[in-house]
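Structure first, commentary second.
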Amino acid sequence: DARVTQTPRHKVTEMGQEVTMRCQPILGHNTVFWYRQTMMQGLELLAYFRNRAPLDDSGMPKDRFSAEMPDATLATLKIQPSEPRDSAVYFCASGLIQEGNQPQHFGDGTRLSIL
Amino acid sequence: GNSVTQMEGPVTLSEEAFLTINCTYTATGYPSLFWYVQYPGEGLQLLLKATKADDKGSNKGFEATYRKETTSFHLEKGSVQVSDSAVYFCALDLSGGYNKLIFGAGTRLAVHP
């Protein structure tokens with residue numbers, strides 16, 4: 001079964017450090033999503049790409065977060081500088097837009113702890 | 001605006017009990033509806049979906065029927081197992097093919113032997 005791959009699975013770092021999370025979407029998928037999951041806020045959509053172009057990043061704090069897709073096989077989410085409130089599980093999901101509503105496929109997430 | 005409301009958890013059941021997790025939605029159009037499941041330490045997985053009114057989605061013994069008149073998509077299973085313990089998310093897609101989901105808050109299910 002094709003899977004969305006996220007790296008690293010766990011990251012612990014100190015406040016102020018740069019954090020980069022990577023995602024390899026399923027081959028052939030043309031949409032990529034970044035979500036953040038916390039106990040308090042649940043699942044929040046941070047950014048959304050279609051055909052590698054950013055369509056919606058309204059859920060992302062612009063001053064410290066950035067999301068890119070350098071190519072079709074890699075999506076990145078960066079936090080610089082990181083803060084303790086960024087501690088969460090970050091999920092990447094990919095999907096394929098075609099006729100009919102197709103499901104998103106999620107990776108297993110990156111668990112981020114900022115000390 | 002468009003939104004999804006799920007019953008609050010946790011839902012605690014004994015093995016072989018009947019499960020219902022309520023989900024209602026508010027939408028300005030005609031969404032597709034989904035149930036996702038998240039097992040501990042993993043990402044969300046699609047459990048089932050329904051794309052139009054009166055459709056029934058089913059998978060692994062779980063079922064949900066798209067009820068337009070009550071704007072609901074309740075998840076049911078006749079006999080739960082310990083392995084069904086997870087968090088269940090109801091979601092809708094009203095993005096007209098943009099593949100963008102609106103999720104509910106999730107309902108945690110704990111099944112005891």
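Just so we're on the same page: letters track the sequence lines, and every chain starts at 1.
B:Glu16 meets the side-chain hydrogen bond (donor to acceptor under 3.5 Å, both in side chains) test with no other residue; sequence neighbours excluded. The ring pair (Phe, Tyr, Trp, His ring centres under 6.0 Å) check on B:His74 picks up nothing, with sequence neighbours excluded.
In this structure the side chain of B:Gln38 reaches within 4.5 angstrom of the side chain of A:Phe91, judged on heavy atoms. Between A:Gln104 and B:Phe34 there is no side-chain heavy-atom pair separated by less than 4.5 Å.
Nearest heavy atoms, A:Phe106 versus B:Leu44: CB-O, 3.2 Å.
Heavy-atom proximity under 4.5 angstrom to chain B picks out A:Gly107, A:Asp108 from residues 107-115 of chain A.
A distance of 7.0 Å separates OH in B:Tyr36 from NE2 in A:His105, rounded to the nearest 0.5 Å.
Using a 4.5 Å cut-off between side-chain heavy atoms of Ile, Leu, Val, Met, Phe, Trp and Tyr, with links allowed through other members, B:Leu19 and B:Leu47 fall into the same hydrophobic cluster. Note on A:Tyr48 and A:Leu77: separate hydrophobic clusters, where clusters join Ile, Leu, Val, Met, Phe, Trp and Tyr whose side-chain heavy atoms are under 4.5 Å apart, directly or indirectly.
Applying the 6.0 Å contact sphere to CZ of A:Arg3 captures no more than 12 heavy atoms from other residues, nucleotides or ligands. In A:Lys62, the NZ atom is crowded: over 12 heavy atoms of neighbouring residues, nucleotides or ligands sit closer than 6.0 Å. Residue A:Glu14 places its CD atom among 12 or fewer non-hydrogen atoms of other residues, nucleotides or ligands, all under 6.0 Å distant. Residue B:Glu8 qualifies as open at atom CD: its count of foreign heavy atoms under 6.0 Å is 12 or below.
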Which donor-acceptor pairs under 3.5 Å do side chains of residues 106-113 of chain B form with protein atoms, sequence neighbours excluded?
| from | atom 1 | to | atom 2 | distance (Å) |
| --- | --- | --- | --- | --- |
| B:Thr107 | OG1 | B:Gln6 | NE2 | 3.0 |
| B:Thr107 | OG1 | B:Met7 | O | 2.7 |

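Using a 4.5 Å cut-off between heavy atoms, A:Gln41 makes no contact with chain B at all. Residue contact with chain B, scored on non-hydrogen atoms closer than 4.5 Å, involves the side chain of A:Asp56 exclusively.
Interface summary for chain B: among A:Asn30, A:Val89, A:Leu43, the most heavy-atom pairs under 4.5 angstrom belong to A:Leu43.
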